[in-house]
2 protein chains.
Amino acid sequence: MYIEHSVMTMTNHLNLKSAAAEKSSHPEYFNIAVSVDCVIFGYEGKELKVLLIKSDFEEFSDLYSLLGDLVKPDEDLDAASYRVLRERTGLDDVFLQQVHTFGAVDRHPSGRVVSTAYYSLVNINSHKLNINTNDLHWHSIKSIKKLAFDHKKILDTCVQMLQEQIMDHPVVHNLLPEKFSLRALQELYEAILGTSLDRRNFRKKIALKNWLSELDELEEGVTHRPGKLHKFKTKPLNLLKGISK
Amino acid sequence: MYIEHSVMTMTNHLNLKSAAAEKSSHPEYFNIAVSVDCVIFGYEGKELKVLLIKSDFEEFSDLYSLLGDLVKPDEDLDAASYRVLRERTGLDDVFLQQVHTFGAVDRHPSGRVVSTAYYSLVNINSHKLNINTNDLHWHSIKSIKKLAFDHKKILDTCVQMLQEQIMDHPVVHNLLPEKFSLRALQELYEAILGTSLDRRNFRKKIALKNWLSELDELEEGVTHRPGKLHKFKTKPLNLLKGISK
DNA sequence: TACGTTTGTGTATATCGAACACAGTGTAAT
DNA sequence: ATTACACTGTGTTCGATATACACAAACGTA
């Protein structure tokens, strides 16, 4: 039931074909595989995006799927999600939030896999971001109608969690450059929430959170009156620290 | 790696001793066991309680643990939590809410077990409730300092989730008899939240939810002015339907 | 210098949570 | 029958917060 991971990290999601073969010869040892799926959000062109990979399962040809992998026997569940993120994006020290565990018997065509979903927010334009295969692509959330496995449901669940958390916690930190205008921040919130927000009320609300400090710099390269730049006072939420209430 | 469940249902939590023995002879097939842990809340004597079993692990002698079991290979994760609840309490059709999945490598002394926590609310005095062993006991939440495994952390997480949900969803339905006074409801909320509440404000708030209907009956057997009885308009939240927003 | 676009700011209104008091009704004891 | 006791049932005020909404100033461009 244990699957060589070095093989898997460069391929798409889980490869249970060999495990399924083992199952028939050693049924008493085959129980349930444990995996993590990472919903890696990015932000670009005023759209919330998610990093997907083309499914290499016949059952799901032409569909995309989330990035996931089996959890290693000597690896914490949280650490597995962090490893997937690192292996896929080269990013370290990024906020990861556990969302829900999906455990329907038939959710994976090759065998029984229980998968815990995490979401993460990364800066698409970060110089540290290193997408290590051509198979990975950013997809606008709005354009996604169908994914492999139950990944659409996982995605929807994570989007909803993200929406619930952005007003209470400065999770969007990683989606923006270090310095940004309030307008940019508002556009980000609008993209995540899928609504438009009143500008004055938004600024008041954000000001009350006390998350930002205003810089003595103006945005540049815009064709209108430039706004003041801001930055987050605190470091981005830390790896796996999660959200404290 | 697959463990006979009929043996387990009457014993305490997981029994991985045999699995651990298998591990050394067939390391390549031993991956990770998947379990569920149920935090079954009850309410009695104005206290929030939880159903616990005495741990039969040497490592945790004299400690109590939550009710859990391994998930069967052909059983949905949610169904496993439902089965544990049914096997332990005889109760059917009860609200269950997934809360979090705990996956630290060292959380179980006998081997690698990833466990998904659920909470549930049951009526301690229900005639349907049938606690099928003498090893199960209700413990006041406030009195619990330490549990086996990481179960104290699981319990705390579930209590917190319950506290967050009771004002938005009529989850406490199952903790009360069919007809109850507003005072009884308030005492229940106070027990769950661990605070005292202003009576007039509480009644206003509950009235706004529109969850209750007032009956033409008064409470009986009290030594003071009796209050009007109320009941929930809707059926209790359903099995595994979860909370919809 | 006029236009287009965005910045930056404040007020009025409705809603919500928190604090708070008093008359009424049933029981139990005398 | 009277009284003590314990709880029911109810409304207002205050501060905080959400929402709706308008206008002058700044910068770039033509």
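Here is how names work: the chains are called A, B, and so on, in the same order as the sequence lines, proteins then strands, and each is numbered from 1.
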**Q.** No-hydrogen, no-angle side-chain donor-acceptor test under 3.5 Å, A:Lys233 and A:Asn210
**A.** yes
N/O donor-acceptor pair, side chain [X] with base [N], under 3.5 angstrom:
X	N	result
B:Lys204	D:dT12	yes
A:Asp198	D:dA18	no
B:Arg203	D:dG9	no

Nearest-angstrom distance from the residue atom [atom1] of [X] to [atom2] of [N]:
X	N	atom1	atom2	result
A:Phe202	C:dG8	CZ	P	13 Å
B:Lys228	C:dG24	NZ	C1'	13 Å
A:Ile206	D:dA18	CD1	P	11 Å
B:Leu229	D:dT8	CG	P	12 Å
A:Arg183	C:dT5	CZ	P	12 Å
B:Glu217	C:dG26	CD	P	15 Å
B:Glu220	C:dT25	CD	C1'	16 Å
B:Phe180	D:dC7	CZ	P	19 Å

Look at the side chain of [X] and decide which nucleotide, out of [options], has an atom nearest to it.
X	options	answer
B:Glu219	C:dG10, C:dT7, D:dT8	D:dT8
B:Arg225	C:dG8, D:dG9, C:dT7	D:dG9
B:His224	D:dC7, D:dG9, C:dG8	D:dC7
B:Arg199	C:dT7, C:dA21, D:dA18	C:dA21
B:Arg200	D:dG11, C:dG17, C:dT9	D:dG11
A:Asn201	D:dG9, D:dC21, C:dG26	D:dC21

Q.
Both B:Pro226 and A:Leu218 contact DNA chain D. Which one's nearest nucleotide lies toward the 5' end?
A. B:Pro226
Q | 5′-ward residue of the pair A:Leu208/A:Thr223 relative to DNA chain D | A | A:Leu208
**Q.** side-chain contact (heavy atoms from CB on, under 4.5 Å) partner of B:Val71, chosen from B:Val114, B:Val84, B:Val36
**A.** B:Val36
Q | Geometric class of the B:His137/B:His139 ring pair [parallel <30°, tilted 30-60°, perpendicular >60°] | A | perpendicular
Q: Classify the ring geometry between A:Tyr119 and A:Phe95 as parallel (under 30°), tilted (30 to 60°) or perpendicular (over 60°).
A: perpendicular
Q. Per the salt bridge (Lys or Arg N to Asp or Glu O under 4.0 Å) rule, which among A:Arg203, A:Lys231, A:Lys228 passes with A:Glu214?
A. A:Lys228
